[in-house]
Colleague: 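Dropping the structure in here first, questions after.
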Amino acid sequence: MATRPVALIAGTLVAGLTLGPVAAVAWRAGVLTGLEPADWAALRFTLMQALLSAALSVAFAIPVARALARRAFPGRGVLIALLGAPFILPVIVAILGLLAVFGRAGVLNRVLEAFGLPEVSIYGLHGVVLAHVFFNLPLATRLILQGWLAIPGERFRLAATLGFSSRDVFRVLERPMLASILPGAFAVIFVICLSSFAVALTLGGGPRATTLELAIYQAVRFDFDLAHAASLALVQLGLALVAGLVALRLSGAGLGAEGLDRVVPRWDAGGVGLRLLDALWLALVALFLLTPLGLVAARGALGVFSLPGPVWTAAAHSLAVALGSTALCILWAIPLATRRGELLGLAGIALSPLVLGTGLFLILRAFVNPFSLALPVTAVVNALLSLPFVLRILRPEAEALQQDFGRLGGALGLRPFAWLRWVYLPRMRRPLGFSAGLCAALSMGDLGVIALFADPDRATLPLQIYRLMGAYRMEQAAAAAVLLLALSLGLFWIFDRGGRANAGS
């Protein structure tokens, strides 16, 4: 049982680390500037790519989720597990994989060249949308699949008894479910795509493909125009808050894992044509998701152990940042795993991480050389960004634990440390382990604040990969990407497995 003073301290720290940097940027900026023509262009591009990315992700996810919901086949559980972890994959690794397929020297252009056809470019709006669909198609599929599997099996049996055709089943059972799930799924993905940075930084291809987050980066990194950055951050904050409220309003059921391996026998989908159609969609999505990662692994696996020293140093920096960020996030999340705490944690995802990092550097500049603290600042910002996801995982379990054992703990006079040791940690190991693994993987693959302030001696592994790509050392970049992927997945597995050990699985 987290006492009110502990929760108050944690809440004050999170609020101070969230609002303090924003206030520092606003104070340093002075009078806010108006939006310039380039800013309006960035705003239009941000909205356009987010709308297209969300629409395509949801549209393609519908047939994939339907196939998974009504088919049983070998490897189905593995495919669902892959679709259940869209946020764990480091962005820079996925971008390298997409370049290996769709880039100038990628597989697709080689095939087109062999047939004498013109090459395609991955840079620009279509490249940004392609990358966002790559990341968010799994999330949309998981959301829609959860809705499909939530339809009681008795309704399908009743439909069979009544002689419903496939069209009748869709009209009576499936279409109402989709009407309740799709708006929320669209809104959630739209919010995620609004704050795109790494994708636009690497695949934007020029001023015409600049997002608001990338414009903030340019204002701080190249011009140090804090007034301009603060103005853009306020616009982005307004968009994120409006979209977040819409997502909260429209979102249906959560992402619970219960029932995801249940397949309802579907008499209405037994035809050869429907079987082939479902198999085609599953094959296409598996090809789309696995081919880029397979090419990165094939290109870089053999070169991992011949990577230069700076890459290994950057990997050590990333590990330190990930572990520090995870420790901070869990320490904050345990006392804040309440409804009020979750609302407080949402501030971290609504604000620009680049503005948060800039504000922290402005505060630190009065006391120390801020560039020497690039890694700790990155860890703090990553912890704030992961906090909403961690609280969403922990809060239901923590509230149930308080309801079941809180009164007994009070009657026994358990102090906070005793409650934590004997009640909370033994029964919260599973969600704590999963939350810690998620936070560590997210922080390990982050390319955000560190891109603003790190010098060559304090680069993280994602930043080092980006620099290798900029220098056209693609073989080394692929090898470093394999290392990053292995470390990210390894951290997630260690924490998640540690949480599940001796916890009933």
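Treat the numbers as computed from the prediction; the structure is a model and nothing was measured.
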Colleague: Drop me the distance from Arg142's CZ to Leu68's CG, to the nearest 0.5 angstrom.
Modeller: 10.0 Å
Colleague: Under 6.0 Å from the CD atom of Glu119, do we count more than 12 heavy atoms belonging to anything else shown?
Modeller: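 Yes - once you tally the heavy atoms of other residues, nucleotides and ligands closer than 6.0 Å, there are more than 12.
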Colleague: Between the side chain of His126 and the main-chain N/O of Ser121, is any donor-acceptor distance below 3.5 Å?
Modeller: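 Yes.
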Colleague: Please indicate whether Leu302 has more than 12 foreign heavy atoms, meaning atoms of other residues, nucleotides or ligands, lying under 6.0 Å from its CG.
Modeller: no
Colleague: Report yes if some heavy atom in the side chain of Leu485 is under 4.5 Å from a heavy atom in the side chain of Val296; otherwise report no.
Modeller: no
Colleague: About how many Å separate CG of Leu328 and OG of Ser386, when rounded to the nearest 0.5 Å?
Modeller: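 If we round to the nearest 0.5 Å, Ser386:OG and Leu328:CG are 10.5 Å apart.
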Colleague: Drop me the distance from Phe389's CZ to Leu394's CG, to the nearest 0.5 angstrom.
Modeller: 13.5 Å
Colleague: Can Asn382 and Ser325 be counted as having a side-chain donor-acceptor contact under 3.5 angstrom?
Modeller: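 There is no such pair (donor and acceptor under 3.5 Å, judged by atom type) between the side chains of Asn382 and Ser325.
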Colleague: If we check ring-ring contact (aromatic ring centres under 6.0 Å, His included) with Phe288, which of these qualifies: Trp281, Phe134, Phe135?
Modeller: Phe134
Colleague: Applying side chain to side chain contact (heavy atoms under 4.5 Å, CB included), run through Thr202 and Leu99 and close with a yes or a no.
Modeller: CA-CA 10 Å; Thr202 52; Leu99 287 173; over 6 Å; no
Colleague: Tell me, do Leu96 and Leu295 make a side-chain contact under 4.5 Å, heavy atoms counted?
Modeller: no
Colleague: How long is the straight-line distance from CG of Asn136 back to CG of Leu56, given to the nearest 0.5 Å?
Modeller: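 Here the rounded value is 11.0 Å.
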Colleague: Is a donor on one side and an acceptor on the other found under 3.5 Å between the side chain of Arg110 and the backbone of Ala105?
Modeller: yes
Colleague: For residues Phe190 and Leu47, determine if any side-chain heavy atom of one lies less than 4.5 Å from a side-chain heavy atom of the other.
Modeller: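 When only atoms from C-beta onward are counted, Leu47 and Phe190 do touch, with a gap below 4.5 Å.
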Colleague: Is the centre of the Phe434 ring less than 6.0 Å from the centre of the Phe492 ring?
Modeller: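 Phe434 vs Phe492: aromatic centres under 6.0 Å.
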Colleague: Using atom types as modelled and distance alone, determine if a side-chain donor or acceptor of Asp39 lies under 3.5 Å from a backbone N or O of Glu36.
Modeller: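 At least one qualifying donor-acceptor pair exists.
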Colleague: Within the structure provided, determine whether Thr211 and Phe197 are in side-chain contact (heavy-atom separation under 4.5 Å).
Modeller: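 The answer is no; the side chains never approach within 4.5 Å.
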Colleague: Less than 4.5 Å apart, any side-chain heavy atom of Val91 and any of Leu447?
Modeller: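 They are not in side-chain contact.
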Colleague: For a quick test of reading the model, state the closest non-hydrogen atom pair linking Ala451 to Leu463 and the distance between them.
Modeller: CA-CD1, 4.2 Å
